[in-house]
Every structure is written in C-alpha cells, then in structure tokens.
Visitor: 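Structure below; questions to follow.
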Amino acid sequence: MSDGPADQQADLSAVLRDRREKLGRIRDAGIEPFPHEFSEREEIAAVRAEHEGLAAGAETESRHRVAGRIAARRGHGKNAFIDLRDGSGQIQLHAREDLLGEEAYALLVDLDIGDIVGVEGTAMATRRGGELSLAIDHWRLLSKSLRPPPDKVHGLQDTETRFRRRELDLIANEESRRLFQVRARTITEIRRFLDERGFVEVETPVLQPLYGGALARPFTTHHNALDRDLYLRIATELYLKKLIVGGLDRVYELGKDFRNEGVSHKHNPEFTMLEWYEAYADYETTAHDLERMVAHVAERTLGATVVERGDTTIDFAPPWRRITLRQAILERSGIDIAEHPTREALARAMGTEPDPNEGWGKLVDGLLSRDVEPGLIQPTFILDYPVELSPFAKAHRSEPGVVERWEAFVGGVEIANSFTELNDPDEQRRRFEQQAAEIARGDDEAQPYDEAFVEALEQGMPPTGGVGLGIDRLVMMFTGAQSLREVLLFPAMRT
RNA sequence: GCCCCUGUAGCUCAGUUGGUUAGAGCGGCGGCCUUUUAAGCCGCGCGGCGCGGGUUCGAGUCCCGCCGGGGGCACCA
C-alpha cells in the first residue's frame, strides 16, 4: 500500500504528475513552495483604481505589492504577461527578463496557472492595448497549485463538479462569484434594516427537545449524555414568541432551519430563514414591512427594485398586489372554496375522490400550489388561510373560518409567510389538540403538542405580528437564478 | 419512492446504421518569440469511454444491474 504522495505518483494522471514534478524542482531550487505570509499587500482593485485612465505606453514610478492566483499566462521568450487575480479583481503583470534577472524570470515562467504568487512592480500601461499592468521586478511563490484549473475559456460547466467542488466554480465562473456576493450583501442589508428599526437579533436552539412552528417533518438526532432524542429545528417561531412574552418587543433570528423533505430547485433540506416578530403589530403591519424591506434591500444590493428573471422583469417596489386566497383560487380554478366548506364537497368540485387522509385545508392548499402559485410572478400577498393549515395564527377579525395569515409569492415561489399571531392560550391549546388528532390520523407533518409554549402564552403575549422569510429563495429571485442550488454554496447532494 | 434524460482526456465537447491502434479546442510537455489579451508558430495525445455483467467475430455505440448528476412526479417553504 502506498502511504504518501510520492508513492502515489504512479497512479496520477500526467497533468497531476507534471505539477508534482514542478513542486520537486521548486524545492530543489531552495524555494519554499508554501511560505507563511505575504504582508502589506494591496488589493488589486485599489491598484486599478489608483491608475485608472493611465495613457497607453505610460510607465510610472508608482510601486505596488499585490498577491493572487495566476489566471492566465502569455509567454514571449524574454518577456511574458500574466493575469493575476485576487478577491477584489484582476490585473496584468508584465514580466521582463531584464527586470527580474535570468533565474527569477525562468522560475516565474515555469509556474503553473493556478499557482498563488506575490509580486512587486511599477504601474504601467501597455503600448498598444493600453492595459494597466505591473512591470514586476520581484516575485515570490506563495502556494503551489497541484491540480489543474478548469478550462480558461469555457470555465466549469459540469453541474455536479460545480456544486461538489464549489471552490473550482468560484475560481472559474465570474457569475458564481457575483451570486454569492449578492447573497452576502442581501443578508447584511436585511440585518441593517431590522437593526435600524430597533429589532434585537437573537439565537435560539437548533437542537430542540420538541420541534414546532411549521408543518414539516424534522431531522432526529440523539444526545448521548442525556440519552434522549433531539430534533433539528424546523422553525424558530415558538422560541421567538417566548421572547416577545419576555418583553423583547421587536426580535429576529436569521439562521438555518432543517426539514426532512425532498430536494428540488426550490427545496434544500437545510435552508436559511429569517423570522421576525413585532409586538402590537398585526399581519397588515408585517405585509407593509416586508414589501418595504425587500424593496429597500433590492435597492441597496442590486441598485434597483427591478430585476430580470428569465424573460420577465420583476419589480419589488411596494405596494405589492394583495388578494385573498379564496379570490385567487376562484380566479384560477373557478372554484369558490367558501361554497364547498367540507372535504367531500370540495373534492367533488375539484372532480376528485375525497381522500380520508386529506382534510378540507389540505385540498385548499393543493388548489393554491397547483393552480395559483405558478402564476404569481410579480410580488403578491395571498391573504386569509384556512385555520386547519395555520395552528399559530389568530382567527380573522371579520371573516369566519379563516385566519389572519398571508404568504408572499414571487416568480411562482413562496418567499414569506406571516400571521397575526395567536395569543389566546386556550385557543392555542385547542389548536394543538386538533393537530394531535391529525397526528393520530397519520399526518406526520402535524404539530406536536407543546405545553411549555402554551404556558408562555398564559403568561400573556401582546398582540403580535410575525414573519418568516426564506433567504435562499429571496436571493434566487434577486439574482435571477433558476435553482436554489445556484445560491447555496454547498447544496445538498446524495452522498 | 416512481418516470424521463444523462455520465467520453485536467476542462469544454464531437464520436455515422456496433467495424481497423477513440478525436478536436483549451490546458500540459518540448522548441521559437521583449508589449500580449481565448497571443502566435512548430512538434508531442497525455484518456480507453461512470462501475459491473451480458449479447456479438467485434461494444463508447445494443441489453441488464448498480452508482452519480439533471429534469419531472410525489412531498414541501
């Protein structure tokens, strides 16, 4: 059995073998291929900014020290051009044998694309193209790359490799780098928006003895010392509402939730969720806040509230369209759910057989996702849901049978969900009992009874509005990405 | 879990109705070249076609199973 890189060389492809051989030559030349630091460097973008507009053929005395990965090389015998890229940008290096000396020059042009180097030189612009470059007189290897980079022309296309080896995707594909910068800025601006309005960011348990706050199947894990099963949270809702009871009147949490379900272009088993709760607010306040927040964040991260998505243009500017669930289903399917208030009647109207495992609420939900949701391209609030689907939402103040709840849709995908929170502990207890009956009937996504949560409500929770916003989906809409996987650095993969 | 598509050099791809030692561009290796920009010119295939079986005189091409990826269904936010 081989037990070291050297012993494995025989098994390597020629490309990998070449790089290892070069590594050996570098060491033989007395050069450390993995030194410890390269301090006092400038970012490439800063160098570029300083010399913007430098005339073609100009040479300056302005010295710069930059570092980055070799992206491309164009050799010329006694001079060569190297494209160097760091996290801020890319710049061309002009390597000349007369400036570097014969030995340093020879070692430099023997480097591979993908190697990381630090260089020093003076700013200049090439004679013909006028491209800003650094005429370098010193260089130093900072890290030898032992694997070849993706194709410099076509980048990395293979989706499997792009997701499994995201580092290669980021090296090769500019668009991918852009997406994750948009994602980072989106999260920063959301925090800023909430912080500026007096919201307090908190962290509640990911490992929970009882899961709740959404209708979903959890992941189960085990705590050895306590010898008991724990659940990865499916939502932060119940903990955050306890904090509202405790007097944190404006509170939010931004983090991962986990749901034990399928993977698709809009589902990942772990995903990033923002939940916020505001005391003394209701679902009209939260709708107003969401549309303002999303438009504001779009403005700050993308420079506009308008974004291109495929061949359509989405405009996040408020106010968003508002329509009741009943009206939306009527428009799209011709079925008035209010006229078919039982499972049997609604199933008949839909032309299907009543399924004993599907209540009236599930049928309504089916109509929503099948007939309504795909058509909701521009930002839209769907209002007032059946109580069966919403165990934590307060009954509508005037419409019987529905609760004060909305879901926001963009690009045919649900991005947010909100209620006027149920704060009547006795009603909450009845809702849990209803859910318990659903569990008994075999619904493994119903809510387990949470007595501690009811006790918190008994302490007295002010009227409250709460929102859950799917960050991954929002970023997907902001970037025009067609799949959630494009905006998750490491999306879920089999094995 | 089911259905459809897919898997060829490091990367991006082409491989006729199954037929001689599997091709191209980029990359790599060797050579030339002091202002290139997917630099250029000359020379060299560096993989045996996801894995395992099978059919056949002969399989990258056909069949079966398995694995990975994509899309759809189911499920869901």
Side-chain angles (χ1 to χ4, degrees), chain A residues 12-19 21-22 56-59 71-83 90 92-100 105 109-110 112-114 124-131 133 135 145-165 168-169 171-173 213-217 234-235 257-275 362 365-366 368-370 373 389 407-409 413-417 443-445 468-474 476 482-485 491 493-495:
Chain A
L12 298 178
S13 72
V15 190
L16 271 57
R17 215 162 43 229
D18 285 340
R19 293 206 170 214
E21 282 168 13
K22 276 192 183 177
E59 296 187 7
R73 188 185 53 222
R74 295 170 290 281
H76 281 271
K78 291 189 167 52
N79 82 148
F81 295 91
I82 292 168
D83 291 334
Q90 184 170 310
Q92 178 171 268
L93 307 179
H94 190 191
R96 295 166 45 176
E97 193 188 67
D98 56 354
L99 289 179
L100 286 158
Y105 180 80
V109 296
D110 195 40
D112 288 309
I113 294 175
M124 55 163 280
T126 57
R127 284 175 206 156
R128 214 172 308 156
E131 178 164 349
S133 310
S145 171
L146 294 173
R147 289 180 179 274
D151 190 285
K152 71 175 177 180
V153 180
H154 303 96
L156 181 64
Q157 302 294 326
D158 182 68
T159 52
E160 183 175 358
T161 310
R162 289 187 49 233
F163 297 153
R164 285 189 194 279
R165 301 207 52 208
L168 291 181
D169 182 42
I171 287 171
N173 299 325
L215 302 178
R217 277 180 294 182
I234 59 173
D257 285 347
F258 307 84
R259 297 188 186 176
N260 208 336
E261 284 143 11
V263 178
S264 79
H265 69 105
K266 53 180 181 175
H267 297 272
N268 198 67
E270 58 179 291
F271 62 102
T272 302
M273 176 79 109
L274 166 69
E275 288 193 43
K362 288 248 174 187
D365 195 41
L368 169 63
S369 53
R370 196 191 66 202
E373 191 172 328
L389 297 172
E407 290 184 313
F409 295 85
V413 174
E414 183 200 335
I415 62 162
N417 177 29
D443 184 346
D444 52 6
E445 285 162 4
L469 171 64
I471 299 298
D472 315 288
R473 288 181 173 183
L474 180 66
M476 189 164 112
Q482 295 294 325
S483 167
L484 209 58
R485 286 182 276 258
M493 289 278 166
R494 191 187 301 266
T495 71

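The chains referred to below are lettered A, B, ... by the order of the sequence lines, with proteins before strands, and numbering in each begins at 1.
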Visitor: Starting from the 5' end of RNA chain B, give me the residue, A/Ala72 or A/Arg96, whose nearest nucleotide shows up first.
Guide: A/Arg96
Visitor: Choosing from B/U35, B/G69, B/U12, which nucleotide comes nearest the side chain of A/Met493?
Guide: B/G69
Visitor: Answer with base, sugar-phosphate or nothing: what part of the nucleic acid does A/Arg128 contact at a heavy-atom distance below 4.0 Å?
Guide: sugar-phosphate
Visitor: With a non-hydrogen cut-off below 4.0 angstrom, is A/Gly155 in contact with a base, only sugar-phosphate, or nothing?
Guide: sugar-phosphate
Visitor: Watson-Crick or G-U wobble partner for B/C2, using a 3.5 Å limit on both distances?
Guide: B/G72
Visitor: For A/Arg74, look at atom CZ and say whether over 12 heavy atoms of other residues, nucleotides or ligands are found less than 6.0 Å away.
Guide: yes
Visitor: If you check every side-chain atom of A/Ser133, which of B/G27, B/U36, B/G70 has the closest atom?
Guide: B/U36
Visitor: Angle between ring planes, A/Phe81 versus A/His76, binned at 30° and 60°: parallel, tilted or perpendicular?
Guide: perpendicular
Visitor: Distance between the P atoms of B/C29 and B/C67, in whole angstroms?
Guide: 40 Å
Visitor: To the nearest angstrom, how far is A/Arg74 atom CZ from B/C26 atom P?
Guide: 15 Å
Visitor: For B/A14 and B/U6, measure between their P atoms and round to the nearest Å.
Guide: 12 Å
Visitor: Taking the side chain of A/Arg485 as its heavy atoms from C-beta onward, which of B/C75, B/U35, B/G71 lies nearest to it?
Guide: B/G71
Visitor: Could you tell me whether the side chain of A/Asp472 and the main chain of A/Thr272 form a donor-acceptor pair under 3.5 Å?
Guide: yes
Visitor: Would you mind calling B/G48 syn or anti? Take O4'-C1'-N9-C4 for purines or O4'-C1'-N1-C2 for pyrimidines, and syn is within 90° of 0.
Guide: syn
Visitor: Looking at the side chain of A/Thr159, which of B/G69, B/G10, B/C13 is the nearest nucleotide?
Guide: B/G69
Visitor: Looking at the side chain of A/Arg494, which of B/U12, B/C11, B/G69 is the nearest nucleotide?
Guide: B/G69
Visitor: For the C1' atoms, the ones on B/A22 and on B/C32, what distance do you get once it is rounded to whole angstrom?
Guide: 32 Å
Visitor: Look at A/Arg19 and B/G28 and indicate whether a side-chain polar atom (N or O) is within less than 4.0 Å of OP1 or OP2.
Guide: no
Visitor: If you measure from the C1' atom in B/C4 to the same atom in B/C46, how many Å do you get, rounded?
Guide: 37 Å
Visitor: Minimum heavy-atom separation for A/Gly470 to A/Met273, with atom names?
Guide: N-SD, 4.2 Å
Visitor: Any side-chain N or O of A/Lys152 under 4.0 Å from OP1/OP2 of B/G27?
Guide: yes
Visitor: If I compare all heavy atoms of A/Arg19 with all of A/Ile113, which pair ends up nearest, and what's the gap?
Guide: NH2-O, 2.8 Å
Visitor: Counting only distance, no hydrogens or angles, is the base of B/U37 paired donor-acceptor with the side chain of A/Thr126 under 3.5 Å?
Guide: yes
Visitor: If you check the A/Glu160 side chain, which of B/U12, B/G69, B/G10 turns out closest?
Guide: B/G69
Visitor: Does any donor-acceptor pair link the side chain of A/Glu131 with the base of B/U35 at a separation under 3.5 Å?
Guide: no
Visitor: Base, sugar-phosphate, or nothing for A/Arg73, non-hydrogen atoms under 4.0 angstrom?
Guide: sugar-phosphate
Visitor: What nucleotide, of B/C29, B/A38, B/C75, holds the atom closest to the side chain of A/Asp18?
Guide: B/C29
Visitor: Kindly point out which of B/G10, B/G69, B/C75 is positioned nearest to the side chain of A/Pro148?
Guide: B/G10
Visitor: The side chain of A/Asp98 is closest to which nucleotide in this list: B/G10, B/U34, B/A38?
Guide: B/U34
Visitor: Check the distance between B/A38's P and A/Asp83's CG and give it to me in whole angstrom.
Guide: 10 Å
Visitor: If you take all heavy atoms of A/Ala235 and A/Arg259, which pair is closest and at what distance?
Guide: CB-NH2, 4.2 Å
Visitor: Rounded to the nearest angstrom, tell me the gap between atom CG in A/Asn79 and atom P in B/C32.
Guide: 15 Å
Visitor: Identify the heavy atoms of A/Asn173 and A/Leu156 that sit nearest to each other, and give their distance.
Guide: ND2-O, 3.0 Å
Visitor: B/G25 base to A/Asp151 side chain: any donor-acceptor pair below 3.5 Å?
Guide: yes
Visitor: For A/Phe163 versus A/Met493, what's the shortest heavy-atom pair and its separation?
Guide: CB-CE, 3.0 Å
Visitor: Within the 4.0 Å heavy-atom criterion, would you say A/Asn260 contacts the bases, only the backbone, or no part of the nucleic acid?
Guide: nothing
Visitor: With rounding to whole Å, what would you report as the distance between B/A74 and B/G28 at their P atoms?
Guide: 49 Å
Visitor: Please report the distance separating the P of B/G45 from the corresponding atom of B/A24, rounded so that it comes out in whole Å.
Guide: 10 Å
Visitor: So which one's nearest nucleotide on RNA chain B is more toward 5', A/Gln92 or A/Ala216?
Guide: A/Gln92
Visitor: Please work out if A/Arg147 contacts a base, only the sugar-phosphate, or nothing of the nucleic acid, heavy-atom cut-off 4.0 Å.
Guide: nothing
Visitor: Report the distance from atom CG of A/Asp365 to atom P of B/C75, rounded to the nearest whole Å.
Guide: 10 Å
Visitor: Give none if B/U36 has no partner; otherwise give the nucleotide forming a Watson-Crick or G-U wobble pair with it, both distances under 3.5 Å.
Guide: none
Visitor: Could you give the distance separating B/C66 and B/C2 at their P atoms, to the nearest angstrom?
Guide: 9 Å
Visitor: Could you tell me the Watson-Crick or G-U partner of B/C11, where both distances fall under 3.5 Å? Say none if there is no partner.
Guide: B/G25
Visitor: Please determine, for the side chain of A/Lys78, which listed nucleotide (B/U36, B/U34, B/G28) has the closest atom?
Guide: B/U34
Visitor: May I ask you to say what A/Glu59 touches in the nucleic acid, namely base, sugar-phosphate or nothing, with a heavy-atom cut-off under 4.0 Å?
Guide: base
Visitor: What is the distance from CD of A/Gln157 to P of B/G69, rounded to the nearest Å?
Guide: 19 Å
Visitor: What is the separation between atom CD on A/Glu97 and atom P on B/U36, rounded to the nearest whole Å?
Guide: 19 Å
Visitor: Take the protein atom CZ of A/Arg165 and the nucleotide atom C1' of B/G68, then report the distance between them rounded to whole Å.
Guide: 16 Å
Visitor: Say we look at B/C33 and B/U16: how far apart would their P atoms be, to the nearest angstrom?
Guide: 44 Å
Visitor: Please determine whether side chain to side chain contact (heavy atoms under 4.5 Å, CB included) holds for the pair A/Lys266 and A/Arg473, giving the CA-CA distance in whole Å, both sets of side-chain angles, and the decisive distance to 0.1 Å.
Guide: CA-CA 7 Å; A/Lys266 53 180 181 175; A/Arg473 288 181 173 183; 3.9 Å; yes
Visitor: For A/Leu16 and B/G28, give me the distance from atom CG to atom P, rounded to whole Å.
Guide: 14 Å
Visitor: What contact category does A/Ile415 fall into here, base, sugar-phosphate, or nothing, at under 4.0 angstrom with non-hydrogen atoms?
Guide: nothing
